[in-house]
Amino acid sequence: MATILAVIEHRQGVIRDITFELLTLGRKLVEKNNAQLTGVLLGHDTQSLAESLRTHVHRLLVVDHEVFSDFNGETYQQALTAIIKKENPFLTLVGNTAFGIDFCPSLATQLGVPFTTDCIGVEMVDGRIRVTRQLYDGKMDAHVQLAESSSYVLTVRSGICPAEQGNLSAEIQKIESPVVSQPDYKKFIEYIEAVVGDVDITKADVVVGVGRGIKEQANLPLVEDFAKAIGGVVACSRPIVDANWLPKDRQVGSSGKTVKPKLYIAIGISGAFQHIAGMKNSDTIIAINKDSNAPIFNEADYGIVDDLFKVLPALKSKILEIKK
Amino acid sequence: MDLIVCIKRVPQTAEAEVKIDSSGKDIVRDRLTFDMNEADSYALEAAILLKEKFGGTITALSLGTADAEDTLRIALAKGADSAIRIRAEEFVELDGFKTAALLKEVIKDIKFDAIFTGCMATDDSYYQVGPVLAELLRVGHATLVSKVEVADGKAQVNRELEGGLIEHLEMSLPAVFAVQTGINEPRYASLIAIRRAAGKEIRVVGKEDISLELKSNSTLEELFLPPVGKRAEILSGSTDEISAKAATIIKEKGLI
């Protein structure tokens with residue numbers, strides 16, 4: 001029976017959400033294609049993690065070695081190369097995360113198998129893999145056919161396959177670690193926690209998010225004044241932090257903070273999926289953007305398609321009127 | 001230190017309207033502006049900062065059509081010493097793997113201590129070129145790099161993980177660093193430097209120089225617009241009317 005392999009992502013003793021999404025996708029694929037889903041857990045002292053995966057896979061391969069106490073893309077690549085060569089899966093699934101991105105493309109290259117990254121849809125058609133990917137800043141989707149092969153490697157984007165409960169009962173199989181030390185050329189040293197700033201944007205009821213559409217740092221006071229009028233805090237998308245206009249602790253998104261305020265107002269934010277991941281669970285979302293096709297309008301409850309430099313002062317005065 | 005920076009010229013689509021062309025496999029390009037891929041400009045700056053500290057050379061390399069030479073000239077103006085273009089027009093189905101394989105064919109004849117690339121390009125969003133290139137060259141790599149400091153022949157490297165967490169690695173050189181945006185402040189090229197770079201020679205290589213028979217990993221079948229999600233209720237009217245409606249919604253939610 002054909003096997004689909006899914007690599008379990010965990011960090012600091014916790015299985016990452018992407019793992020359960022990946023396993024849900026894996027179960028859907030094996031059901032349709034009469035295959036079996038095998039999880040691979042590389043770690044150290046992971047008994048409780050392994051137990052929590054039991055219902056999600058047909059079989060769980062566990063490598064328990066101190067070299068996997070922390071993540072190193074290189075040790076993962078070498079161990080997975082050995083495991084994939086032995087297990088010979090039809091498909092290997094990995095999250096398109098900081099974890100998967102670091103070892104997947106090089107792993108597939110070492111194995112010599114077709115691969116692609118950041119998939120938002122995966123199908124098996126006539127023994128071949130066809131995926132959906134997103135291009136051009138998320139403004140286009142594409143169907144992509146992978147080259148004919150007996151094995152494939154894919155990374156899958158977070159949030160595209162909501163995690164479901166599994167009802168399997170996996171056989172847990174311990175295997176010898178194919179890797180016992182970190183290579184000299186790439187050694188994990190430590191995790192460094194995010195710096196805590198003066199404002200905690202995750203605690204605010206109203207978050208005013210600003211993006212690239214603000215154009216210049218000199219325009220930021222316009223947003224700050226607006227946030228003050230409405231009683232909210234200023235947050236932002238990645239380009240604003242990259243430009244050093246606001247500190248990192250104000251960034252909303254997958255590499256920044258996840259916020260769930262009562263109201264999120266997105267100003268000049270086009271809506272890259274990384275940003276959406278950090279604010280989609282807000283109670284009410286209002287987006288202001290001059291491009292009516294901006295992806296942010298797929299997430300927002302209310303949209304304003306207009307020039308933010310006209311809307312912000314007008315909306316601010318309406319809010320101040322109501323407050324009076 | 002001898003450094004190589006891989007650069008891609010890409011359409012600037014973040015703030016632009018994007019349409020599918022008649023082939024169904026590409027976008028309409030004639031109304032878009034093109035520039036250095038954002039992460040690549042941070043990769044270039046990272047290399048320039050190392051060159052300023054340790055001396056050495058920077059080679060800028062781009063797989064692109066003739067207009068990629070404009071982007072390479074910007075790299076020359078900012079601080080690269082030489083530039084090479086691989087004629088993209090002579091190759092088809094350039095996915096991340098094939099791009100990396102072509103770059104490798106040129107890089108294998110150049111001595112280097114480190115290679116810098118952007119962690120991804122905004123047009124095809126692959127996250128592949130840096131790590132694949134490292135694998136093909138048989139050197140170490142790190143992706144989503146948010147800091148590189150070199151001392152005593154070792155590189156202290158930070159990677160940006162989810163939620164603001166940082167992974168700190170120690171790596172030896174040579175290595176490939178796929179750089180995340182925001183790692184530094186990319187400089188602007190001065191007018192004098194741009195004028196000087198205009199006269200520099202860019203080496204151009206193509207099929208006759210690269211004997212590799214390459215199969216792509218993937219074939220793009222068709223582009224289509226992303227399916228519309230729940231879709232916002234778009235408020236209509238004049239700016240004043242829209243603002244009044246939005247203020248009313250906010251008031252009804254009990255937020256002001």
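Reminder, nothing fancy here: chain letters follow the sequence lines and each chain counts from 1.
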Fill in the blank from the handout: If one checks every heavy atom of B:Glu185 against chain A at 4.5 Å, the contacting part turns out to be side chain
Handout entry: Partners passing salt bridge (Lys or Arg N to Asp or Glu O under 4.0 Å) against A:Arg157 (at least two apart in sequence or in another chain)
Key = A:Asp118
Handout entry: Ring centers of B:Phe224, A:His143 separated by less than 6.0 Å
Key = yes
Exercise for the section: Measure distances from B:Ser216 to the heavy atoms of chain A and classify the residue's part below 4.5 Å as side chain, backbone, both or neither. Expected result: backbone
Handout entry: Heavy-atom side-chain contact between A:Asn96 and B:Tyr127 under 4.5 Å
Key = yes
Problem - Residues in residues 9-20 of chain B that sit under 4.5 Å from chain A, counting heavy atoms only - result: B:Pro11, B:Thr13, B:Ala14, B:Glu15, B:Ala16, B:Glu17, B:Val18, B:Lys19, B:Ile20
Problem - Under 4.5 Å from any heavy atom of chain B - which part of A:Lys187 - result: both
Handout entry: Under 4.5 Å from any heavy atom of chain A - which part of B:Lys154
Key = side chain
Exercise for the section: Spell out the residues in residues 32-47 of chain B that have some non-hydrogen atom less than 4.5 Å away from a non-hydrogen atom of chain A, in order of number; otherwise answer 'none'. Expected result: B:Glu38, B:Tyr42
Handout entry: B:Asp113 atom CG, over 12 foreign heavy atoms within 6.0 Å
Key = yes
Tell me which donor-acceptor pairs under 3.5 Å the side chains of residues 247-256 of chain B have, and how far apart each pair is, sequence neighbours excluded?
from     : atom 1 : to       : atom 2 : distance (Å)
B:Thr248 : OG1    : B:Ala244 : O      : 2.7

Handout entry: Heavy-atom side-chain proximity of A:Gln145 to B:Ser218 below 4.5 angstrom
Key = no
Practice task
Working to the nearest 0.5 Å, report the span between CD1 of A:Ile189 and CD of B:Gln156.
Solution key: 6.0 Å
Exercise for the section: Taking A:Asn298 for its side chain and B:Arg231 for its backbone only, find out whether a donor-acceptor pair lies under 3.5 Å. Expected result: no
Practice task
Any chance you could measure B:Leu235, atom CG, to A:Ile286, atom CD1, to the nearest 0.5 Å?
Solution key: 7.5 Å
